[in-house]
Amino acid sequence: MSQFAINVLFVGASFALYIGIAIWAKAGSTKDFYVAGGGVHPITNGMAIGADWMSAASFISMAGLIAAGGYSNSTFLMGWTGGYVLLAMLLAPYLRKFGKFTVPEFIGDRFYSRTARMVAVICLIVASVTYVIGQMAGAGVAFSRFLEVDATTGLIIAAVVVFFYSVLGGMKGITYTQVAQYIVLIIAYTIPAVFISLELTDNPIPALGLFSDHNASGEPLLAKLNEVVTALGFNEYTAMVDNKLNMVLFTLSLMIGTAGLPHVIIRFFTVPKVADARWSAGWALVFIGLLYLTAPAVASMARLNLATTIYPDMAGQVENYEDAAANPIAYADRPEWIRTWEETGLITFEDKNNDGNIQMYNGSADFSGRGWEGNELEVSNDILVLANPEIANLPGWVVGLIAAGGLAAALSTAAGLLLAISSAISHDLIKGAINPRITEKGELRAARISMSVAIVVATYLGANPPGFAAQVVALAFGIAAASLFPALMMGIFSKRVNNKGAIAGMLSGLIFTLIYIFVYKGWFFIPGTNNLPDDAANWVLGISPLSIGAVGAIINFAVAFLVANATEEPPQEIQDLVESVRYPKGAGTAVDH
């Protein structure tokens, strides 16, 4: 059986399962559509949260970024994992106690303002749309390789699949679909990692293999990787970063952005009790940890495999790395996996010195004395995990499995985000502000229409994303960190912050963060509209657009407290409400006001 047929079999079977679940769990009411009826078991919910959380950025792109940047990009791991702990401890049980369907609804009621609710809707939509761009782009990458189509066609196929099981099933269908997707993606991520760890280190546990000896050379794997990458002009893989301020702010931005993401928060409204919300958080952390503990090993091994594929002399014991770096493989002898990925445009080769060989090294390094100028092989960070089984010559069924897993990761999070967007539009905007008397049937129709429109917009923007999948997702986290997280924290833990303070804070954080991002990434992410080049030399105080969300959050908090203290206190009943929410001793079902 050909590799293409194997891929189609695995991907087709998984998609049939997802759509079948959506039909079985079709939402019949707004409560089913928004919170899956409020009766999801904590373990089931934890698994669904894991799939919702581990997006294309986690599955496809995060390991690629760590592979490319080494220790400096471990901030993705630290920020996302730490942020989830923050969410589980500081927000999830209290929001579940409040008993609402959506984050904007909580903000609107807590700050006793329809305007605050509408500002929260805007913040949610901006953050979620930015996030879903990365998911759709990641799905397009996976489809383009494994179904052997161009990236745009892959993106359209992904959009059609998401449309069927999200629009039809709502939260009820998405929950049980995401349970299936978690099982698919975790098996798809760990099985190739185990194979590769055994091949390189004889250790079947990738996280331990990372600190084991490399078989071919006998050296510790990370030491071997450091020697290889420095021989090619790159910084040491384990080297400390120079700009620690940017690293701290980036980690903080990811952490508090995680705690402010509405598509994850809404998951805690789907369980019966506050205690179940806590258990859901604990189970989700277990399920997330299985992948996140494996990711650094996958990244490191992929980087080493790629380098030694291009420079075979570097694989074993090496006395002279300069000689090994002068003996790459010929382009005509490139392995089959490079040929297939070249068809997608995600690997490109330019023979700059016309010698017929592949030179892959740090393009900024001075290698002109060796007979060439400029790096000749460009490999997208988004493909390393997907290509890893092929690089390591693993069986065809493993390649098919990771294809299904990569798509499951992208589509599961896309579905959760699209649900958050549709509920904000139908429940908070239409029912909350435009037409409070809308019938349940009309609201459900509005939710499905708004989700359909969101899919179209996300697909269009996903065709030209402003960066790699994980980078685009990091921008979304920054937006959520600067706008929603402070409002949620102040709404739960501060009696003094009033409606005026919350509105001023959210708008200040959102506007500041968006302007900073657009200056470097292009206005509304339109290519070519940026005002300054997106590099460290042009960043203010060395703070990248990916890190600015932490600064936006500080501005949000400061403005909110200043405005609140300069104006009247919240009504006494609101202060009493805040007091009651702090003690989550049980809660009723999520209610529709």
Can you tell me if [X] uses its side chain to pair, donor with acceptor, with the backbone of [Y] under 3.5 Å?
{"X": "Ser128", "Y": "Ile125", "answer": "no"}
{"X": "Thr130", "Y": "Val126", "answer": "yes"}
{"X": "Tyr182", "Y": "Phe287", "answer": "yes"}
{"X": "Thr439", "Y": "Gly442", "answer": "yes"}
{"X": "Ser14", "Y": "Phe10", "answer": "yes"}

[X] [atom1] to [Y] [atom2] distance, which is reported to the nearest 0.5 Å:
{"X": "Leu507", "Y": "Cys123", "atom1": "CG", "atom2": "SG", "result": "7.0 Å"}
{"X": "Met78", "Y": "Asn73", "atom1": "CE", "atom2": "CG", "result": "10.0 Å"}
{"X": "Glu350", "Y": "Asn375", "atom1": "CD", "atom2": "CG", "result": "10.0 Å"}
{"X": "Ser280", "Y": "Asn45", "atom1": "OG", "atom2": "CG", "result": "4.0 Å"}
{"X": "Ile256", "Y": "Leu488", "atom1": "CD1", "atom2": "CG", "result": "11.5 Å"}
{"X": "Ile438", "Y": "Lys431", "atom1": "CD1", "atom2": "NZ", "result": "8.0 Å"}

- Task: Answer yes if the ring centres of Trp80 and Tyr84 are under 6.0 angstrom apart, and no otherwise.
- Result: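 Ring centres of Tyr84 and Trp80 not closer than 6.0 Å.
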
- Task: Locate the shortest heavy-atom distance separating Ile421 from Ala454; write the atom from each residue and the value.
- Result: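 For Ile421 versus Ala454, the nearest heavy atoms are CG2-CB, 4.0 Å.
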
- Task: Identify the two heavy atoms, one from Ala63 and one from Tyr189, that lie closest to each other, and give their separation to 0.1 Å.
- Result: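 Heavy atoms only, the tightest pair is CB-OH, 3.6 Å.
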
Heavy-atom side-chain proximity of [X] to [Y] below 4.5 angstrom:
{"X": "Ile196", "Y": "Val298", "answer": "no"}
{"X": "Ile191", "Y": "Trp397", "answer": "yes"}
{"X": "Leu291", "Y": "Leu185", "answer": "yes"}
{"X": "Ser253", "Y": "Leu546", "answer": "no"}
{"X": "Asn531", "Y": "Trp523", "answer": "yes"}
{"X": "Leu124", "Y": "Pro104", "answer": "yes"}

- side-chain contact (heavy atoms from CB on, under 4.5 Å) with Thr513: which of Ile517, Leu510, Ile515?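 With Thr513 as partner, side-chain contact (heavy atoms from CB on, under 4.5 Å) holds for just one option, Ile517.
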
- With Trp539, which of Val519, Asp534, Ile548 fulfils side-chain contact (heavy atoms from CB on, under 4.5 Å)?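 By the side-chain contact (heavy atoms from CB on, under 4.5 Å) criterion, Trp539 pairs with just one of Val519, Asp534, Ile548: Asp534.
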
- Message: Working note: Val551 + Phe512, criterion side chain to side chain contact (heavy atoms under 4.5 Å, CB included); need CA distance, chi angles, decisive distance, verdict.
- Response: CA-CA 9 Å; Val551 180; Phe512 168 81; 3.7 Å; yes

- Message: Apply side-chain hydrogen bond (donor to acceptor under 3.5 Å, both in side chains) to residues Ser508 and Asn556 and explain how you reach the verdict.
- Response: CA-CA 6 Å; Ser508 299; Asn556 187 331; over 6 Å; no

- Message: The test is side chain to side chain contact (heavy atoms under 4.5 Å, CB included); show your working for Thr340 and Glu336 and say whether it passes.
- Response: CA-CA 6 Å; Thr340 53; Glu336 186 62 29; 3.8 Å; yes

- Query: Taking the inter-plane angle between the rings of Phe250 and Phe76 on a 0 to 90° scale, is it parallel (under 30°), tilted (30 to 60°) or perpendicular (over 60°)?
  - Reply: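 Answer is perpendicular, since the angle exceeds 60°.
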
- Should Lys521 and Asn530 be marked as a side chain to side chain contact (heavy atoms under 4.5 Å, CB included) after you check the CA-CA gap, both sets of side-chain angles, and the distance that decides it? CA-CA 6 Å; Lys521 294 292 185 181; Asn530 56 302; over 6 Å; no

- Message: Counting only heavy atoms not in Tyr460 (residues, nucleotides, ligands), do more than 12 fall under 6.0 Å from its OH?
- Response: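 Result for OH/Tyr460: open.
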
- Is there a side chain to side chain contact (heavy atoms under 4.5 Å, CB included) between Ile49 and Trp283 once you walk through the steps? CA-CA 9 Å; Ile49 291 170; Trp283 279 110; over 6 Å; no

